[in-house]
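All remarks here apply to the structure that follows.
All of these numbers come straight from a predicted model, not from anything done at the bench.
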Protein chains: 2
Amino acid sequence: MKRPTMKDVARAAGVSPMTVSRAVSGEPGVSPDTAARVEQAVRELGYQRNDNARSLRQKDPRTSTIGLVVDDLANPFYALMARSVEDEAHRRGFLVLVGSTNDEPRREREVIAAFTARQVDGLILVPTNGGHGFLKQPMEAGTRVVCVDRPAKGLAVDTVTVDNRAGAERAVSHLLGHGHTRIAYLGDRFDIWTQRERHAGYLDALASHGIPEDPALVRHELRSQPHAAAALAELRALPRPPTALFTTNDLITIGVMDGLGHPDPIALVGFDDFPLADRLSPPLSVVSQDPVALGATAANLLFSRIDGDRSAPRSVVLLTRLIVRGSGAGGGRSR
Amino acid sequence: MKRPTMKDVARAAGVSPMTVSRAVSGEPGVSPDTAARVEQAVRELGYQRNDNARSLRQKDPRTSTIGLVVDDLANPFYALMARSVEDEAHRRGFLVLVGSTNDEPRREREVIAAFTARQVDGLILVPTNGGHGFLKQPMEAGTRVVCVDRPAKGLAVDTVTVDNRAGAERAVSHLLGHGHTRIAYLGDRFDIWTQRERHAGYLDALASHGIPEDPALVRHELRSQPHAAAALAELRALPRPPTALFTTNDLITIGVMDGLGHPDPIALVGFDDFPLADRLSPPLSVVSQDPVALGATAANLLFSRIDGDRSAPRSVVLLTRLIVRGSGAGGGRSR
DNA sequence: ATGAAAGCGCTAACAT
DNA sequence: ATGTTAGCGCTTTCAT
C-alpha cells in the first residue's frame with residue numbers, strides 16, 4: 001500500500017498528471033467535468049498531495065512552515081506563547097515546528113539547523129545567551145527571524161519584549177511607597193537578559209528614592225524554588241534583614257512564599273503573574289506580562305516579513321501591569 | 001542570495017554533486033582529501049542540505065518528523081506532555097510539528113491533513129470525540145499513529161491513558177472513608193472520554209459502599225471556573241446539600257475552591273494535581289497523573305512503530321496516585 | 001482546456 | 001574513490 005501519487009490519480013481519471021495538479025490545487029483551466037472525474041479518483045485512491053515535493057518545485061519557494069524555538073515548552077509562559085503563535089499560523093495556513101533549547105546555545109543551534117534544513121520560512125526565537133552568527137547565512141538565503149521575550153545580542157531582527165525594567169521599577173517603587181527601605185532582590189540567572197533588565201529596574205527605583213544599594217540584599221542565580229527559599233533564610237539571618245522582597249520570576253516567588261510570614265512578616269512583589277496568585281495568603285502583588293500578546297505580536301511581525309516586508313528591523317515593547325493584591329503592603333514600618 | 005545547492009558546492013570544490021552528497025551525509029567512499037575540500041566549500045558557501053528534497057529521493061522514505069496533536073497546547077498538562085514528546089523526538093533526531101484542536105473534530109482533521117501532507121512519519125494524537133476514518137488511508141500509506149490521554153473510538157492503534165476510573169473510584173472512596181455519604185460529582189463535558197471514565201469511577205465507589213446514587217448531586221458540562229462555582233452554589237441551596245465534592249479536573253477544582261468554607265465546610269478531592277495545590281487552604285487532596293510519563297510512553301510506542309514494529313496495537317494504562325493533603329477530611333459528619 | 005518536456009535538490013543504482 | 005544517469009512527486013513553461 002504505497003502512497004498514491006498524481007500519476008496514479010491521472011491514470012485512474014484518464015487524464016495527464018498536469019491536469020490532476022491543476023485540479024487538486026484549484027487552479028483555473030480545468031473543465032468542471034474533468035475536475036469532477038479527478039476528484040472522484042482522488043477520493044477512491046485516498047490521494048493527498050505531497051506538499052514537500054510541491055514546495056521543492058514551486059516558483060514561490062515557501063514551505064508554509066515556521067519554527068518556534070523557546071527556552072522550555074513546558075513552562076506555562078512559553079506554552080501560552082506557543083499556543084498564540086500556533087493560532088496565528090493556523091489562520092494563515094502555516095504549520096509550526098517547535099523546539100526547546102533549555103537555554104543551551106548548543107541545543108539552540110541544533111534545533112535551528114534542523115529547522116532550516118527543512119526549509120522553514122521563518123523562525124520565532126527566544127534566544128539563548130550564545131552567539132547567533134550561524135543565523136546569518138540562513139537569513140541571507142531567505143529565512144526570516146523574529147526574537148521574542150529577549151533580544152539576541154548582535155542580531156538585527158524584529159524583537160518583541162516587555163518593559164522589564166520599567167515593570168521592575170514600578171514594583172520596587174510600590175514597596176518603597178509603603179515605607180520599605182530594605183528591599184531585597186531575588187533573581188534568576190544573571191546571564192538572562194530579562195533578569196538583568198529587572199535588576200536594573202530595581203536599582204532605578206532605589207536610586208530615584210535616594211536609597212543606597214545594599215549588596216547584601218541582592219541575590220542572583222536562584223534557579224529553583226529551594227534555592228529561593230534558602231536565599232530568603234539567609235537574608236532573614238542578616239543583622240539587618242530586609243522588610244520587603246522583589247522576586248524576578250514566578251518560580252522564585254513561589255519558592256519564597258513559605259518563609260514570608262515568620263518570624264516577621266515580609267512584604268513581596270513578584271515578577272510574573274500565575275494562576276492562584278490571588279488566592280494565596282497573602283494574595284500576591286505581581287507585575288504581569290501577557291505571553292499571548294507576545295506570541296501574537298511576534299507572529300504578526302514574522303508573517304509580514306514572510307509576506308515581503310523588507311523595512312528596517314523593528315523593536316516592539318509591550319507593557320507590563322502592576323497588580324496590587326496585598327502582599328506588597330505588609331511588613332516594614334508601615335504595619 | 002539564493003540558497004546554495006549541492007551543485008554549487010560541487011563546482012566550488014571541483015567535484016561532482018554525488019561526491020558532495022556522500023561527503024555531506026558522511027557516507028563512505030570519499031577520500032579524506034576530497035572530504036576536506038568539500039567541507040571547505042560548504043563552509044564558504046554556507047551550504048546546508050535540503051532535507052525535504054533528500055527525503056523525497058531516499059530509499060527509506062522517512063522525513064524524521066512527527067506530528068503532535070493535542071486539545072490545547074496552552075494547557076499546562078498538554079504542555080508538559082508536549083515537552084516530553086519533544087525530548088524523546090530530539091534524542092532520536094526527529095522534529096515535532098504541533099497543533100491544537102480545541103477539541104473540534106473539524107480542526108483536528110485540518111491539522112492532521114496538513115501534517116500528513118508534509119509526510120510526517122507518525123502522529124501522537126489526543127483524539128477529539130469525532131470520527132477518525134480519515135486516518136485510515138494515511139495509515140495504510142505508512143503513517144503511524146498513537147493515541148494518548150484518551151482512545152479514539154473505532155481506531156485500532158496504540159493508546160496510552162491513565163486509570164481514570166480507578167483513580168476516581170479511589171478519590172471518592174477516600175471521601176466515603178471519612179464518613180461522607182452525600183458526595184457531589186462536578187464534571188466537565190460528558191462527551192470527553194476521560195470524564196465519562198471518572199464518572200464511572202464515582203459510581204463504582206458509591207456502589208461498593210452501598211450508597212445510592214443521587215442524581216441531584218451530579219453536574220456535568222462544567223466548562224469553566226465560573227460554571228463550577230455556580231454549580232456549587234446550586235448544590236449548597238439543595239434541601240439536603242452535599243458534604244463532599246469530587247471534581248474531575250483542575251479548572252473545576254479551582255473554580256469551586258472559594259465556596260468550600262462557607263457557610264459549612266465541604267470536603268473535596270479533585271482529579272489532577274496542579275502547582276500550589278498544596279499551599280492553598282485547605283491543602284487540596286487530589287488524584288494526580290503524570291503528563292511527562294504519558295508523553296514519553298506515547299513517543300516510545302510511536303518510535304518503535306516507526307522503527308518497524310508491526311505487532312498488534314497495545315493499550316498502556318499508567319497509574320494515578322491519590323495525594324492526601326487534607327481537603328478530603330473536612331466537612332461531613334467526620335468533623 | 002489539456003498535455004509534453006524539463007527540472008526543483010537530492011540520492012539509488014550502476015558505471016568506471 | 002568518483003562520476004553518470006535516472007527519477008522521487010510535483011509544477012513551470014511552452015506547446016497544442
If you take any heavy atom closer than 4.0 Å to DNA chain D, which residues from residues 45-58 of chain A end up in contact? Y47(A), R49(A), N50(A), A53(A), R54(A), L56(A), R57(A), Q58(A)
Inter-axis angle, terminal five-pair segments of the helix from dA1(C)-dT16(D) to dT16(C)-dA1(D) [nearest 10°]: 40°
Short side-chain to backbone donor-acceptor contact, T159(B) and P151(B), under 3.5 Å: no
So, OP1 or OP2 of dC8(D): does either fall under 4.0 Å of a side-chain N or O from K59(B)? no
Separation of dT12(D) P from M6(A) CE (nearest whole Å): 11 Å
Q119(B) side chain to S55(B) side chain, donor-acceptor N/O pair below 3.5 angstrom: no
Salt-bridge contact R107(A)-D72(A) (side-chain N to carboxylate O under 4.0 Å): no
Is V69(B) close to T101(B) at the side-chain level, that is, under 4.5 Å between some pair of heavy atoms? yes
Could you tell me if D309(A) and S311(A) have a donor-acceptor pair between their side chains, going purely by distance under 3.5 Å? yes
Using 4.0 Å as the upper bound for N to carboxylate O, is an ion pair formed by R91(A) and E88(A)? yes
Salt bridge flag under 4.0 Å for residues D103(A) and R150(A): yes
Whole Å only: how far is the NZ atom of K7(B) from the P atom of dT11(C)? 14 Å
Check each residue of residues 15-43 of chain A for a non-hydrogen atom within less than 4.0 Å of any atom in DNA chain C, then write out the ones that pass by number, or none. V15(A), S16(A), M18(A), T19(A), R22(A), G29(A), V30(A), S31(A), T34(A)
Using modelled atom types only, decide if a donor and an acceptor are shared between the side chain of S100(B) and the backbone of L73(B) within a distance under 3.5 Å. yes
With respect to the phosphate group of dG9(D), does any side-chain polar atom (N or O) of K2(A) fall under 4.0 Å of OP1 or OP2? yes
Please give, in whole Å, the distance from dC8(D) P to D60(B) CG? 17 Å
Within the distance-only criterion (no hydrogens, no angle test), does the side chain of R310(B) pair as donor or acceptor with the backbone N or O of R305(B) below 3.5 angstrom? yes
Do any N or O atoms from the side chain of R37(A) and from the backbone of A13(A) form a donor-acceptor pair under 3.5 angstrom? yes
Any chance the side chains of R3(B) and T143(A) put a donor and an acceptor closer than 3.5 Å? yes
